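Just below is one structure, and these are the notes that go with it.
Each chain gets a letter, A, B and so on, in the order its sequence line appears, and its residues count up from 1. Bear in mind the structure is a predicted one, so any value in this text is a computation, not a measurement.
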There are 2 protein chains.
Amino acid sequence: MTRTYAGTIEMLRQAGLRPTRQRVGLAHLLFGQGDRHVTADQLRGEAETAGIKVSLATVYNTLHQFSGAGLLSEVFVEPGRSYFDTNTASHHHFFNVDTGDLADIPDGEVGVTALPVPPAGTAIDDVSIVVRVRKHQR
Amino acid sequence: MTRTYAGTIEMLRQAGLRPTRQRVGLAHLLFGQGDRHVTADQLRGEAETAGIKVSLATVYNTLHQFSGAGLLSEVFVEPGRSYFDTNTASHHHFFNVDTGDLADIPDGEVGVTALPVPPAGTAIDDVSIVVRVRKHQR
DNA sequence: GTGTTTGCAAAGTGTTTGCAATTTA
DNA sequence: TAAATTGCAAACACTTTGCAAACAC
């Protein structure tokens, strides 16, 4: 978690990304407050609220650049929406189908029993578990 | 697996769906050849090849109606593309990120170690494991 | 005949792209 | 100043919708 501007700038430099006003602002929103799960649109809204002027196209570019640099990971839970996760360690997710909220499953609470044998000619890249939850009706 | 026309028609009737020419044709493509994973567009292409005249809008409608009736399940592996699976039993998937192919993981080859405790106010709806694979480079 | 279903084309959603203007170093 | 980055608007891929014509019963 980077919290100072100097630290954010250093992080971006190390990732080979110029610390532009937009990137620094978005990095602050993303990495300044613990683990986060955001869509491009949500992040754009937060940036606006925070007074960071940035276009949606740049938010997308930035999220992909951060992913490429290993600062973010992408999570697939829904067609038509991309989520980005500041937790780049291997872990799993709860997805609330009613609200669209994505949350980490605490470490160790779930895992896979064994790795399956991948189809011929392929190798395993990533294993993800998504636990879909909904409002508990009573 | 339904293979006869009479069987397909009966299946649709039981699901509360009128056995229209389009629904019967698509059901044959879907349920007449073992477990399948298709996108709307793929199915549309197959229908065309098979000489079944059906619009893309109707393919979408039909896939959703079949899902609603429990004849299909929907699988989420990629933003911007919906996959439908003729296997409605609880099971998991391989997703080839290079080709877009989706395949079932044989029963028992993978499972979860334990169910995590869902966030307050929610209940678990579904647990899915997606194993992303890619061409094995040598 | 009556209500359901279909197909078209238009609209919608989320994302990406091309390129001139701006910014970083 | 040179190269990288941004923002806009247009383009995109996939999906959904509105509604008149066609179909199932």
Exercise for the section: Return the minimal non-hydrogen interatomic distance between B/L63 and B/A40, and the atom names on each side. Expected result: CD1-CA, 3.7 Å
Practice task
Between D/dT17, D/dT5, D/dG7, spot the one nearest the side chain of B/A57, thanks.
Solution key: D/dT17
Handout entry: d(CZ, B/R21; P, D/dA21) in whole Å
Key = 19 Å
Problem - Polar contact flag, side-chain donor to acceptor under 3.5 angstrom, A/E10-A/Q14 - result: yes
Exercise for the section: Give one of base, sugar-phosphate or nothing for A/R81, where a contact means two heavy atoms less than 4.0 Å apart. Expected result: sugar-phosphate
Exercise for the section: Identify whether any heavy atom of B/S82 sits under 4.0 Å from a base atom; if not, whether one sits that close to sugar-phosphate; answer base, sugar-phosphate or nothing. Expected result: sugar-phosphate
Fill in the blank from the handout: To the nearest angstrom, the CG-P distance between A/L17 and C/dA25 comes to 12 Å
Exercise for the section: Take atom CG of A/L12 and atom C1' of C/dA25, then tell me their distance rounded to the nearest Å. Expected result: 15 Å
Practice task
Using only side-chain N and O atoms of B/T58, determine if any of them is under 4.0 Å from OP1 or OP2 of C/dT6.
Solution key: no
Completion exercise
Side-chain atoms of A/R18 come closest, of D/dG7, C/dG7, D/dA4, to D/dA4
Problem - Pair assignment for DNA chain D - dot-bracket with | for other-strand partners, Watson-Crick or G-U under 3.5 Å - result: |||||||||||||||||||||||||
Fill in the blank from the handout: Only one of A/I52, A/I9, A/L17 passes side chain to side chain contact (heavy atoms under 4.5 Å, CB included) with A/V24, and that residue is A/I9
Fill in the blank from the handout: In whole angstroms, the gap separating C1' of C/dT22 from CZ of A/R23 amounts to 14 Å
Problem - Whole-Å distance separating the CG atom of A/L56 from the P atom of C/dG14 - result: 10 Å
Practice task
Using distance alone, with no hydrogens and no angle criterion, decide if A/H136 and B/T122 have a side-chain donor and acceptor under 3.5 Å apart.
Solution key: no
Exercise for the section: Please step through side-chain hydrogen bond (donor to acceptor under 3.5 Å, both in side chains) for the pair A/H93 and A/D85, ending with a clear verdict. Expected result: CA-CA 10 Å; A/H93 295 96; A/D85 186 345; 2.7 Å; yes
Practice task
Quick one: label B/P19 by what it contacts on the DNA or RNA (base, sugar-phosphate, nothing), any heavy atom closer than 4.0 Å.
Solution key: sugar-phosphate
Fill in the blank from the handout: side-chain hydrogen bond (donor to acceptor under 3.5 Å, both in side chains) with A/H37: of A/T86, A/D104, A/D101, A/N87, only one passes, and it is A/D104
Exercise for the section: Please check the phosphate of D/dT16 (OP1 and OP2 only) for any side-chain N or O of B/H64 closer than 4.0 Å. Expected result: yes
Handout entry: Nearest-Å distance for atom pair CG/C1', residues A/D41 and C/dG14
Key = 8 Å
Practice task
Identify whether any heavy atom of A/R44 sits under 4.0 Å from a base atom; if not, whether one sits that close to sugar-phosphate; answer base, sugar-phosphate or nothing.
Solution key: nothing
Exercise for the section: Return yes if some donor-acceptor pair links the side-chain N/O of A/T113 with the main-chain N/O of B/G111 below 3.5 Å, else return no. Expected result: yes
Exercise for the section: Give a yes/no answer on whether the side chain of B/Q65 brings an N or O atom under 4.0 Å of OP1 or OP2 in C/dT5. Expected result: no
Practice task
Verify, without hydrogens or angle tests, whether B/E48 (side chain) and B/R44 (backbone) share a donor-acceptor contact under 3.5 angstrom.
Solution key: no
Practice task
Report the distance from atom CD of A/Q22 to atom P of D/dC8, rounded to the nearest whole Å.
Solution key: 11 Å
Exercise for the section: Ignoring backbone atoms, test whether B/T20 places a side-chain nitrogen or oxygen under 4.0 Å from the OP1 or OP2 oxygen of C/dT6. Expected result: yes
Practice task
Report the residue (A/V59 or B/N61) whose heavy-atom-nearest nucleotide on DNA chain D is the more 5′ of the two.
Solution key: A/V59
Completion exercise
Here the distance between atom C1' of C/dT6 and atom CD1 of B/I52, to the nearest Å, is 15 Å
